[in-house]
Amino acid sequence: KLKFSQDGISGFDSHWRTIEFQPEVSQLLNNIFPSLDETYSLQELQRKYPSLKEGLLTILQFLYEFGFLFIRTSIPISAISFYKHLTSIARSYKAQMKEKSLTKIQTSNDPETLRNNLVGKLLSLYFLLSEFPSHLSAAISQTNIQELNYKLSHHLSAEYWSPHMLKSGLLHLGYTLEAINELKPTPPILGMLNLLRVLARTDLLSYGACLSLMEFPSVSRDKLEIVELEWSKIEALDLVPVKALEPFKQHQFKNFIDFHGLISEDFFKHASPLGPALQQQIKENAYIFVECQVDALTRIDTHYNNI
């Protein structure tokens, strides 16, 4: 959805975030926007807008990476540019699916529904983190790039204590250790985990793309107050004990501070340019993962409703 100011297009809403363009981007985009609905090569656009030739490629790449436009070409595209584009459009796809699928949960004011939904999310996060080594260790064994191997190994080591920490939160929800060990994830969570395990052994780029969709988008340290505000809102609902939420909150803070959301980029930084077939393969796997994520959210309020 485009955003406008008195000078024309000023940004766009991609469902999961709002992008505000810099003045130079807005000015160039307003000039070339009528041509973007048609199929032009870069060279044709440069000939059509000779005065914009110098900055045209940079701006088009920026718009592509933010998911504002698609590029149709048989020429391989930079892997990192494709990664940024894919994560943008996949998160947009996820946000649109959630809007359609979670209306009842999102608009409910029933404390029991809200509590079951919150507890389900906490349990799902616990299961995903508990099984983290089952796929990340496989990915480590498949890469022969020393820098990537080191970063993934460090990431795996850093997450070692996370399931134990989150389990302490579940105990404050009223679960016993025996009950936690007997709980099973929802089928969509199992689907996500199995897809990650398969891709870790067979398709590291698709694995990296899916991993990025499981991590929270990274933010700078000076924006942590936004995250803190979200947790304050959850605590204010008084649905579960604050002690149950604290380990999950601290885990999310640690992820932001350690920039865990950036780890998946490294799979693409070391990759060669990607042709159309490989791009499509990675996109399809990422979208399957997103559909599992949203399906998991629609089930959690009924799957875990016995505390």
Side-chain angles (χ1 to χ4, degrees), residues 79-80 83-84 87 91 121-172 175 177 180-181 183-185 189-224 227-228 231 243-271 282 285-286 289 292-293 296:
I80 194 64
Y83 165 81
K84 293 176 181 179
T87 53
R91 290 187 185 280
K121 287 180 178 178
L122 299 180
L123 285 166
S124 295
L125 182 57
Y126 167 74
F127 285 123
L128 288 170
L129 278 172
S130 296
E131 294 299 323
F132 201 64
S134 71
H135 51 84
L136 188 59
S137 58
I140 292 170
S141 71
Q142 293 299 312
T143 180
N144 55 7
I145 300 171
Q146 185 174 7
E147 181 183 351
L148 179 58
N149 191 298
Y150 173 79
K151 287 184 177 181
L152 294 179
S153 299
H154 178 74
H155 188 48
L156 181 60
S157 175
E159 291 288 10
Y160 175 78
W161 289 107
S162 294
H164 302 282
M165 183 172 68
L166 299 191
K167 188 178 285 186
S168 70
L170 299 182
L171 293 173
H172 285 293
Y175 287 101
L177 287 174
I180 294 172
N181 292 333
L183 283 170
K184 302 296 181 186
I189 293 292
L190 288 173
M192 291 167 60
L193 290 169
N194 285 332
L195 180 59
L196 287 168
R197 292 182 187 117
V198 170
L199 294 177
R201 290 175 171 82
T202 61
D203 184 350
L204 283 179
L205 292 180
S206 288
Y207 174 76
C210 292
L211 197 64
S212 74
L213 298 168
M214 193 168 69
E215 295 282 5
F216 296 103
S218 293
V219 297
S220 57
R221 292 171 185 250
D222 62 339
K223 292 185 179 178
L224 274 177
V227 183
E228 292 176 343
W231 279 103
K243 287 185 177 181
L245 295 174
E246 189 63 23
F248 293 87
K249 180 171 69 173
Q250 292 305 319
H251 176 263
Q252 186 178 7
F253 286 167
K254 185 176 185 301
N255 275 4
F256 279 123
I257 292 171
D258 292 345
F259 295 103
H260 282 190
L262 298 177
I263 189 69
S264 51
E265 279 192 25
D266 289 298
F267 289 93
F268 290 82
K269 284 180 179 177
H270 300 282
I282 298 168
N285 285 323
F289 191 78
C292 287
Q293 285 182 304

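Along the sequence shown, the residues carry numbers beginning at 1. Please read all numbers here as calculations on a predicted model, not as lab measurements. The figures here come from the full heavy-atom set of this structure, side chains too, leaving out hydrogens, waters and symmetry mates.
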Search all heavy atoms of [X] against all heavy atoms of [Y] and return the closest pair with its distance.
| X | Y | answer |
| --- | --- | --- |
| Thr87 | Ser212 | CG2-OG, 3.3 Å |
| Met165 | Pro247 | O-CB, 3.2 Å |
| Leu196 | Cys210 | CD2-CB, 3.8 Å |
| Ala200 | His135 | CB-O, 3.3 Å |
| Lys269 | Ile80 | CG-CD1, 3.9 Å |
| Phe267 | Gly208 | CD1-CA, 3.7 Å |

> Does the pair Glu246/Lys243 count as a salt bridge with the N-to-O cut at 4.0 Å?
Replying inline: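 Answer for the salt bridge query: no.
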Partners passing ring pair (Phe, Tyr, Trp, His ring centres under 6.0 Å) against [X] (at least two apart in sequence or in another chain):
| X | value |
| --- | --- |
| Phe268 | Tyr83 |
| Tyr126 | none |
| His164 | Tyr160, Trp161 |

>> The criterion is side chain to side chain contact (heavy atoms under 4.5 Å, CB included); which residues satisfy it with Ser134, sequence neighbours excluded?
In response: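 So Ser134 forms a side chain to side chain contact (heavy atoms under 4.5 Å, CB included) with Glu131, Arg197.
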> With sequence neighbours excluded, what pairs up with Asn149 under the side chain to side chain contact (heavy atoms under 4.5 Å, CB included) test?
Replying inline: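 For Asn149 the side chain to side chain contact (heavy atoms under 4.5 Å, CB included) partners, ignoring immediate neighbours, are Ile140, Thr143, Ser153.
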> Does anything in residues 142-156 pair up under salt bridge (charged side-chain N to carboxylate O under 4.0 Å, His left out), and if so which pairs, sequence neighbours excluded?
Replying inline: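 For residues 142-156: Glu147-Lys151, Lys151-Asp266.
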Using side-chain heavy atoms (C-beta onward) and a distance below 4.5 Å, is [X] in contact with [Y]?
| X | Y | result |
| --- | --- | --- |
| Phe132 | Leu211 | yes |
| Lys167 | Tyr175 | no |
| Phe248 | Leu170 | yes |

>> If you count every heavy atom of other residues, nucleotides or ligands that lies below 6.0 Å from Tyr150 atom OH, does the total exceed 12?
In response: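 Not more than 12 within 6.0 Å, no.
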>> Donor-acceptor check, side chain of Ser206 to backbone of Asp203, threshold 3.5 angstrom: yes or no?
In response: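 No.
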> Does Gln293 use its side chain to pair, donor to acceptor, with the backbone of Ile189 at less than 3.5 Å?
Replying inline: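 Here the side-chain-to-backbone pair does not exist.
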